[in-house]
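Every chain is numbered from 1 and lettered A, B, ... according to where its sequence line falls, protein lines coming before strand lines. Everything numeric in this text was worked out from a predicted model, so none of it was measured.
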Amino acid sequence: MPIRIYSTLTRQKEEFQTVEPGKVSMYLCGPTVYKPAHIGHMVGPVIFDTIKRYLAYSGYQVTWVVNITDVDDKLIVKANELGTTVEALARKMTEDYLDNLRTLGVDGIDHMPYATQYIAEMQEIIAGLIEKGYAYPLNGDVYFECTKDADYGKLSGRNLTEMLAGTRAETRDGKHNPADFALWKGSKPGEPAWDSPWGPGRPGWHIECSAMARKLLGDTIDIHGGGLDLMFPHHENELAQSESCTGKPFARYWLHNGLLRKSSGGKIGGDHSRHGDARSSVAELVRVQSDEASSSPVRSLTTSATNSTDMMAEKQAQEEQKLAGSKGAESVKTAVFAKFDPETVRFFLMATHYRSPVDFGDDRLEETAKSIDGFYRLIESFTRVTGQDFYALPTPRTRAEAVGWDSVPTKVGAETVVAETNSNVGTESQPTFEAELVVLRTRFLDAMDDDFNTGAAVGALFDLRKTLNGFITDHKLETDGKSNAAAVTTLIRGVTLFKELSNLLGVFLKPIAKKASSGADDEFVNGLMQLLITLRADVRKAKQFEIADKIRQGLTELKVTLEDRPDGTIWRRDV
RNA sequence: GGCGUCGUAGCCAAGUGGCUAAGGCAACGGAUUGCAAAUCCGUCACGCGUGGGUUCAACUCCCACCGACGCCUCCA
């Protein structure tokens, strides 16, 4: 089954065909780094990280670029407010952004270009556009003339003449028409500026992405992504500039992810910041200034948190917590990661369709946390039965490597081959189980092929969990595993499949610290728990269930769950 | 006002012009357990906002209406 992708440009799903066979170039609009990242900023990266994982799994060599906008009006304003420099603020906020991406397991980004390092490339495009008559200088600025671009508006479905008809406003500043946007902005004194043929200034927002995408990925890229809110004007303008400049299609597929909404309503990270909420800067102010003071401008957020500034970090957290009460979007760290495991957040994002808007709130995440708990139970069960570390299981990284799944087509570049058949499928030992695995695997991959339908894929994952648990139950592997080597081998095969598929979504890649079961990082706690469990086992043996239940009840109140299994009691801390 | 998206069970959420409309949470039965927990089995939308239309057949296509939302403002 070929991969199909919905493109905003054509408003339909299209078969995925890359510019270069076997290779994919992918560009995602990154953040303007003027304040700490909020959860909304994480959506695109998580989705495209998953897309990259899947394309790589499908045999493509993927190059993924996410830009950092480190020069912009907002940055200038905010830096002035904080009494710091644009560079320092940008560096700080970039580190925060990256830190959060790492936390969410987004590790597939190949290049993170900074806009300020591509000024020459931007100027080259601007000069070209002027030369071709698509742009005109004006009092130190340079504007793109929308009316010169015949198909301007094709991405967002806007009609330029209608747009212009709607605006009666005078064209300010001598622009040829109101829709014209800045490619280059002449600088005012004190603002960051670069020399240019049109005078000192800085690039417009849209040109940054055009230049970086072109420089790093070429004139035509395969996939261009971003939030739905960027479709107009940002992507429209990017497209207009790039195609006017090169005369080639800018991107083959335009992917737009839906935006997060607060459960209570309203978009996360909405327009509140426009009202100059000085309060929202308090936390950053503390942070930036403390770094400046230390005369070590390259210190990162992470390093500053590791030394003796714990108190300060706590203070910052408190400040940020206050923001929660105000209207601005909260930073991911304080609003989300403080309460939920990043894996829960990622799974939540995977459980719905990337193009849909999603209500984001604590109750939703709590539900997700409950729903994925069973996966951790399965992983623990697997380890008990096989003695193997789930996270160390070798798994195929591409469909081509995943041999043995009868008649599952394997995508290699542009051509389709069929994986070799496996003699194990359909043997008398586990016919139904093996067959079920094949069906579930196909369901999962078909869903992903269909415009990266992670929601449907997650459904297959839940069914796979049930199938695996059922196999363990049916064969009594928790108790008789040692005497049934064949079944254990089959289980390993099934669990390996589960790992292979779930890893494509970027989940269950590594152990979750908080989910430590029957073993805390603290030996003292471990010792106490073992003591309690032993004592409780003794009184249970003596049928003194009241005492046993009292112990269990007391532990429950401490958020510790006991499970009395046939082969002993295990405990788990629910954080 | 212009452009666009969406409305599937108590909640969240996939999906399809025609077999029994995924999955999760919650709930309820049963197995298991001293009781729990975990796990397994079972139940849980004769219907997919409302009203029309096209069709042999629509929840899926078309129209209208109601409702929610997004963009049109350098927000991922």
Legend entry - Results of side chain to side chain contact (heavy atoms under 4.5 Å, CB included) for D110(A) - residues two or more places apart only: K52(A), T63(A), W64(A)
Inset, instruction - Identify which nucleotide among A37(B), C25(B), A76(B) has an atom closest to any side-chain atom of K370(A), counting heavy atoms from C-beta outward. - result: C25(B)
Inset, instruction - Would you indicate what D463(A) reaches in the nucleic acid, counting non-hydrogen atoms under 4.0 angstrom: base, sugar-phosphate, or nothing? - result: sugar-phosphate
Inset, instruction - Among the candidates A76(B), A36(B), G24(B), find the nucleotide nearest to the side-chain atoms of T32(A). - result: A76(B)
Inset, instruction - Using distance alone, with no hydrogens and no angle criterion, decide if Y376(A) and E343(A) have a side-chain donor and acceptor under 3.5 Å apart. - result: yes
Legend entry - Sub-4.5 Å side-chain heavy-atom contact between F347(A) and D341(A): no
Inset, instruction - Give a yes or no on whether the backbone of Y354(A) and the side-chain of N257(A) come within a donor-acceptor separation of less than 3.5 Å. - result: no
Legend entry - Interface residues of residues 446-456 of chain A with RNA chain B (non-hydrogen, below 4.0 angstrom): N453(A), G455(A), A456(A)
Inset, instruction - Between G4(B), A37(B), C71(B), spot the one nearest the side chain of R158(A), thanks. - result: C71(B)
Inset, instruction - Kindly point out which of C25(B), A76(B), A38(B) is positioned nearest to the side chain of S371(A)? - result: C25(B)
Inset, instruction - Look at the side chain of D180(A) and the backbone N and O of N177(A), then say whether any donor-acceptor pair between them is shorter than 3.5 Å. - result: yes
Legend entry - Test log, rule salt bridge (charged side-chain N to carboxylate O under 4.0 Å, His left out), inputs D96(A) and K92(A): CA-CA 6 Å; D96(A) 173 72; K92(A) 199 94 293 199; over 6 Å; no
Legend entry - Qualifying residue, where the test is side chain to side chain contact (heavy atoms under 4.5 Å, CB included) with R441(A) and the options are L445(A), V438(A), L437(A): L445(A)
Legend entry - Proximal nucleotide (of C35(B), G24(B), A76(B)) relative to the R540(A) side chain: C35(B)
Inset, instruction - Please work out if I372(A) contacts a base, only the sugar-phosphate, or nothing of the nucleic acid, heavy-atom cut-off 4.0 Å. - result: nothing
Legend entry - Student check: side-chain heavy atoms of D73(A) and W205(A) closer than 4.5 Å: no
Inset, instruction - When you get a sec, tell me which of C25(B), A38(B), A14(B) is the closest nucleotide to the side chain of S356(A)? - result: A14(B)
Inset, instruction - From the options G24(B), C75(B), G34(B), select the nucleotide whose nearest atom is closest to the side chain of K466(A). - result: G24(B)
Legend entry - Near-strand residues of residues 547-555 of chain A, defined as heavy-atom separation under 4.0 angstrom from RNA chain B: D549(A), R552(A)
Legend entry - Separation of A76(B) P from N100(A) CG (nearest whole Å): 14 Å
Inset, instruction - Look through every strand shown and name the nucleotide pairing with G10(B) as Watson-Crick or G-U wobble, where both distances are under 3.5 Å. - result: C25(B)
Inset, instruction - Tell me what R443(A) touches on the nucleic acid: a base, only sugar-phosphate, or nothing, going by heavy atoms under 4.0 Å. - result: sugar-phosphate
Legend entry - Pairing nucleotide - U60(B), Watson-Crick or G-U, each distance under 3.5 Å: none
Inset, instruction - Tell me whether the guanidinium CZ or amine NZ of R465(A) lies under 6.0 angstrom from the six-membered ring centre of F498(A) and within 45° of its axis. - result: no
Inset, instruction - Verify the distance criterion only: is there a donor paired with an acceptor across the side chains of S242(A) and S210(A) at less than 3.5 Å? - result: yes
Legend entry - Phosphate OP1/OP2 of C12(B) contacted by T352(A) side-chain N/O (<4.0 Å): no
Inset, instruction - Name the nucleic acid region contacted by L562(A), choosing base, sugar-phosphate or nothing; use a 4.0 angstrom heavy-atom cut-off, strictly under. - result: base
Inset, instruction - Would you classify G30(A) as touching base, sugar-phosphate or nothing, given that sugar-phosphate means primed atoms plus P, OP1 and OP2, and contacts are heavy atoms under 4.0 Å? - result: sugar-phosphate
